[in-house]
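Every chain is numbered from 1 and lettered A, B, ... according to where its sequence line falls, protein lines coming before strand lines. Please read these numbers as outputs of a predicted model, since none were measured by experiment.
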Amino acid sequence: MAKSETSTVEKTHESLNFIEEIIEKDLKNGKNGGRVHTRFPPEPNGYLHLGHAKSICLNFGLAQKYKGLCNLRFDDTNPVTEDTEYVEAIEKDVKWLGFDWGTRKYFASDFFDQLYQYAVALVQSGHAYVCDLTPDQISEMRGKPTEAGKESPFRTRSVAENLDLFERMKNGEFADGSKVLRAKIDMASPNMHLRDPIIYRIRKAKHHRTGDKWNIYPMYDFAHGLCDSLEGITHSVCTLEFEVHRPLYDWFLDSLQTFHPQQIEFARLNINYTVLSKRKLLQLVEEKYVKGWDDPRMPTISGIRRRGYSPESIHYFAEKIGIAKRDNIIDMSLLEFCVREDLNKRAQRGMGVLEPLKLVITNYPEGQVEYLEADNNPEKPESGKRQMPFGREIFIEQEDFMENPPADFYRLAVDREVRLKYAYIIKCNEVLKNEKGEIVEVRCTYEPESKSGQDKTGKKVKSALHWVYAPQAVSAEIRIYDRLFSVEDPEGDKNKDFKEFLNPNSLKVLQNAKLEPFLKEAKLGQYFQFERKGYFVVDPDSRNENLVFNLSVTLKDAYAKGKGK
RNA sequence: UGUCUGGUGGUGCAAUGGUAGCACAACUGAUUUUGGUUCAGUAAGUUCUAGGUUCGAGUCCUAGCCAGACAACCA
């Protein structure tokens, strides 16, 4: 919906990002026969995060915009790190974001036979050779960025010998690490990736899809571009760190004289107060700093889904951050804005008292219950009304009462009046404390003439509090989340491990929240706003006898902000 | 002392040789039975620097400065 809104805005000149400009130019020139075909190529070695969401929205979005196609391709050329668990999680995440790859789900491993044939062709044309150097020797002879490398002594092997050796590598005759197939390019190239890069390595490992079929596996640079080519990808969009790989990407395609997609690089997403690196997220999971990949504090897609962010809000976010080539750090507040923007229009309203304080209305008849009408969503009148029970004893939020209120506190205090939203105006008369001096109950009187919608008192009060009728209140556990890290850039300090900056208060569990009765029936996947507090969803841990809700994001709070909270 | 890429309000993204604009964040005010939403407004830029081309430069050229990426049998 965020999308349709912006598309209905009349624009005399729509500004394009640089990738769209390239595509429109290609379309205009008739390149690729007017075809636009992209792909999203994750490696199934971890869960997807918001950085991937940016890429997914970009690749699938480009295909939609230009009436093309976008493939889902698992880049599974490294059997030791990859697993089908990740494949399933990735598919679920892409679907959740609302994208459809149709029948075009591919695995790099689907192409292993063809890739092998391409490698043989490279050997035959003298473009590749088998090298017996050890990993250390290869690394050392590659040189440094500022100085040329040295050629391998095996570089001059005959085509026949290379062919024989490569086939025997495939057949498992040699030990892991004893030989590799290398491209014969230029050991003096200023681009390190062109100094006879490795194409195939021996790895006698079980692959999640091909099992024990292969003893050798292709490297990324070789496999990726050729898979793009085989799939007919026209625009191969990736992140900036692959920019230096592009000459190699082009070299393989040119050497093999096969269909040549165009690699285009854009800047990866960074967000402050979190990390977007699969490796670091994996550490947080493995070392149990979080409860799992889908911990609601994680910037993973599964995490934000569990947290209660909507797919639409992520689309909106992806649109807002734009696409460019310069390094960027997006404010977390922009993400939260996008979430609120979407949820405000769709979330069912309800009352939830997070930290309850008992309130007794002394002049309200004991045992009497009445039902009051409340809006399901004031932004959407068509969403109707519901009935809320009301009576003598209710719960209000502890923070909505103060004994010695400062001037800017509009809420309840002794001798002050406020409205109970959708109910009556009340006045506080008395505070009850326990032996420790803690406030345990406030006693008020109500104005029978002030009923919501039929107020005859003409009184103006400064605030309207949320509340829950005590006898019918539903108890719940509420998990309050805060940013995962306490500093903007946890990876910024080279001398410190990013985990030192983890926010110790990123999770706060409230065990005794009191909710409006209908919330007992809340279902997984429904979005709620607890009035004045924030957006909440049911957590998968929730049970009938122990309801659990997650805070997605708080409402904006001008008062708390003023207090420096 | 290498190669590639990039530098526009605090943060992102635009402006495609012709008045530097939009959003988030911040701050005012109005409205409000959510201190939400909505609405109106304010502040915030020597467009990295210095030269040059041009009637005119954020945009083109030259030089410099700064930042990021690149030396896995990872992707």
Quickly work out the A:Leu194 CG to B:A69 C1' distance and round it to whole Å. 16 Å
A:Ala464, nearest nucleotide to its side chain (from B:C73, B:A75, B:U34): B:U34
A:Pro378 near the nucleic acid: base, sugar-phosphate alone, or nothing, with a heavy-atom cut-off under 4.0 Å? base
Classify A:Leu420 by what it touches in the nucleic acid, base, sugar-phosphate, or nothing, heavy-atom distance under 4.0 Å. nothing
Mutual orientation of the aromatic rings belonging to A:His245 and A:His193 [parallel < 30°, tilted 30-60°, perpendicular > 60°]: tilted
I'd like the P distance from B:U37 over to B:C27, given in whole Å. 13 Å
P gap between B:U1 and B:A25, integer Å: 44 Å
Which base sits across from B:U62 as a Watson-Crick or G-U pair, both distances under 3.5 Å? B:A50
Quick one: which of B:U33, B:G12, B:A26 gets closest to the side chain of A:Arg419? B:U33
Using the C1' atom in both, what is the distance from B:C4 to B:G41, to the nearest Å? 46 Å
Hey, does A:Leu133 reach any base, or is it just sugar-phosphate, or nothing, if we go heavy atoms under 4.0 Å? base
Taking any strand in view, what nucleotide pairs with B:C55 in a Watson-Crick or G-U wobble way, both distances under 3.5 Å? B:G18
How far does CZ of A:Phe222 sit from OH of A:Tyr217, to the nearest 0.5 angstrom? 15.5 Å
Can you tell me, in whole Å, how much space there is between the C1' of B:G2 and that of B:U53? 31 Å
Sugar-phosphate, base or nothing in reach of A:Lys320, heavy atoms under 4.0 Å: sugar-phosphate
For A:Tyr527 and A:Asp342, test the side chains for any donor-to-acceptor distance below 3.5 angstrom and give the result as yes or no. no
Would you say A:Arg279 reaches B:C74's phosphate, i.e. side-chain N/O to OP1/OP2 under 4.0 Å? no
Checking A:Glu373, A:Glu516, A:Glu397, A:Glu531 against A:Lys421 for salt bridge (Lys or Arg N to Asp or Glu O under 4.0 Å), the one that qualifies is A:Glu531
Can a donor-acceptor pair under 3.5 Å be found between the side-chain atoms of A:His193 and the base atoms of B:A69? no
Residue A:Arg349, side-chain atoms from C-beta onward, closest of B:G36, B:C70, B:U34: B:U34
So, does A:Arg142 get its side chain near the phosphate of B:C73, meaning an N or O under 4.0 Å from OP1 or OP2? yes
Let me know, please, whether A:Ile321 or A:Lys460 comes out on the 5' side of the other along RNA chain B by nearest nucleotide. A:Ile321
Counting side-chain heavy atoms from C-beta on, which of B:U33, B:A25, B:C13 comes nearest to A:Ala324? B:C13
Are the ring of A:Tyr559 and the base ring of B:G35 both nearer than 5.5 Å at their centres and tilted by less than 30°? yes
With the side chain of A:Phe337 defined as its heavy atoms from C-beta on, choose the nearest nucleotide among B:G2, B:A25, B:A69. B:A25
List for me each residue that meets salt bridge (charged side-chain N to carboxylate O under 4.0 Å, His left out) alongside A:Arg155, sequence neighbours excluded, and say none if there are none. A:Glu151, A:Asp196
Please state the P separation for the pair B:G58 and B:U49 - nearest whole angstrom. 11 Å
Ring-plane angle category for A:Tyr47 and A:Trp293, please: parallel below 30°, perpendicular beyond 60°, tilted otherwise. parallel
Between A:Lys556 and B:U37, is there a contact of a side-chain N or O with OP1 or OP2 at under 4.0 Å? yes
Considering only the P atoms, how many Å lie between B:U59 and B:G18, rounded to the nearest integer? 11 Å
Report yes if a donor N or O on one partner sits less than 3.5 Å from an acceptor N or O on the other, where the partners are the side chain of A:Arg411 and the base of B:G35; otherwise report no. yes
Determine: side-chain N/O of A:Thr77 to OP1/OP2 of B:A75, distance under 4.0 Å, yes or no. yes
How would you label the contact of A:Tyr217 with the nucleic acid (heavy atoms, under 4.0 Å): base, sugar-phosphate, or nothing? nothing
Expressed as a whole number of angstroms, how long is the span from A:Ile216:CD1 to B:C74:P? 14 Å
Closest non-hydrogen atom pair, A:Pro356 against A:Phe395: CB-CD2, 3.7 Å
Verify the contact: side-chain N or O of A:Ser139 to OP1 or OP2 of B:A72, cut-off strictly under 4.0 Å; return yes or no. yes
Is B:C24 paired to anything, Watson-Crick or G-U wobble with both distances less than 3.5 Å, and if yes, which nucleotide? B:G10
A:Tyr410, nearest nucleotide to its side chain (from B:U34, B:G35, B:U37): B:G35
Side chain of A:Pro190 only, heavy atoms from C-beta on: which candidate in B:G2, B:G36, B:U11 is closest? B:G2
Which label fits A:Trp214 and A:Tyr116: parallel for a plane angle under 30°, tilted from 30 to 60°, or perpendicular past 60°? tilted
For A:Glu243 and A:Thr134, take the nucleotide of RNA chain B holding the closest heavy atom to each; which residue's nucleotide lies nearer the 5' end? A:Glu243
For B:U5, does OP1 or OP2 lie under 4.0 Å from any side-chain N or O of A:Arg246? no
Which of parallel (below 30°), tilted (30 to 60°) and perpendicular (above 60°) describes A:Phe390 and A:Tyr424? tilted
When all nucleic acid strands are considered with a 4.0 Å heavy-atom cut-off, which category describes A:Gly534: base, sugar-phosphate, or nothing? nothing
Give me the distance, rounded to whole Å, that separates B:U54 from B:C60 when you measure between the C1' atoms they each carry. 10 Å
Mind checking who B:G45 pairs with, Watson-Crick or G-U wobble, both distances under 3.5 Å? none
Listed nucleotide nearest any side-chain atom of A:Pro135, set B:C73, B:G36, B:A14: B:C73
Would you check if the side chain of A:Arg419 reaches a backbone N or O of A:Ala423 as a donor-acceptor pair within less than 3.5 Å? yes
Can you tell me the base-pairing partner of B:U32? Count Watson-Crick or G-U wobble geometry only, both distances below 3.5 Å, and say none if there is no partner. none
Among B:U8, B:U5, B:A25, which is the nearest nucleotide to the side chain of A:Lys325? B:U5
Name the nucleic acid region contacted by A:Phe18, choosing base, sugar-phosphate or nothing; use a 4.0 angstrom heavy-atom cut-off, strictly under. nothing
Could you tell me how far apart A:Tyr86 (OH) and B:A75 (P) are, to the nearest whole angstrom? 16 Å
B:G35, OP1 or OP2 - any side-chain N/O from A:Arg532 closer than 4.0 Å? yes
Does A:Glu147 reach a base, just sugar-phosphate, or nothing at all? Heavy atoms under 4.0 Å. nothing
Could you check whether the side chain of A:Ser452 and the base of B:U33 have a donor-acceptor pair of N or O atoms closer than 3.5 Å, going by distance alone? yes
In whole Å, what is the span from the OH atom of A:Tyr249 to the P atom of B:A75? 16 Å
Is any side-chain N or O of A:Glu379 under 3.5 Å from a base N or O of B:U38, one able to act as donor and the other as acceptor? no
Short side-chain N/O contact to B:U33 OP1/OP2 from A:Lys451, under 4.0 Å: no
Between B:U19 and B:C24 - C1' atom distance, rounded Å: 25 Å
Whole-Å distance separating the CD1 atom of A:Ile271 from the P atom of B:U11: 16 Å
Testing B:G6, B:C73, B:C24 for proximity to the side chain of A:Arg326, the answer is B:G6
Across all strands shown, which nucleotide pairs with B:C70 by Watson-Crick or G-U wobble geometry, both distances under 3.5 Å? B:G2
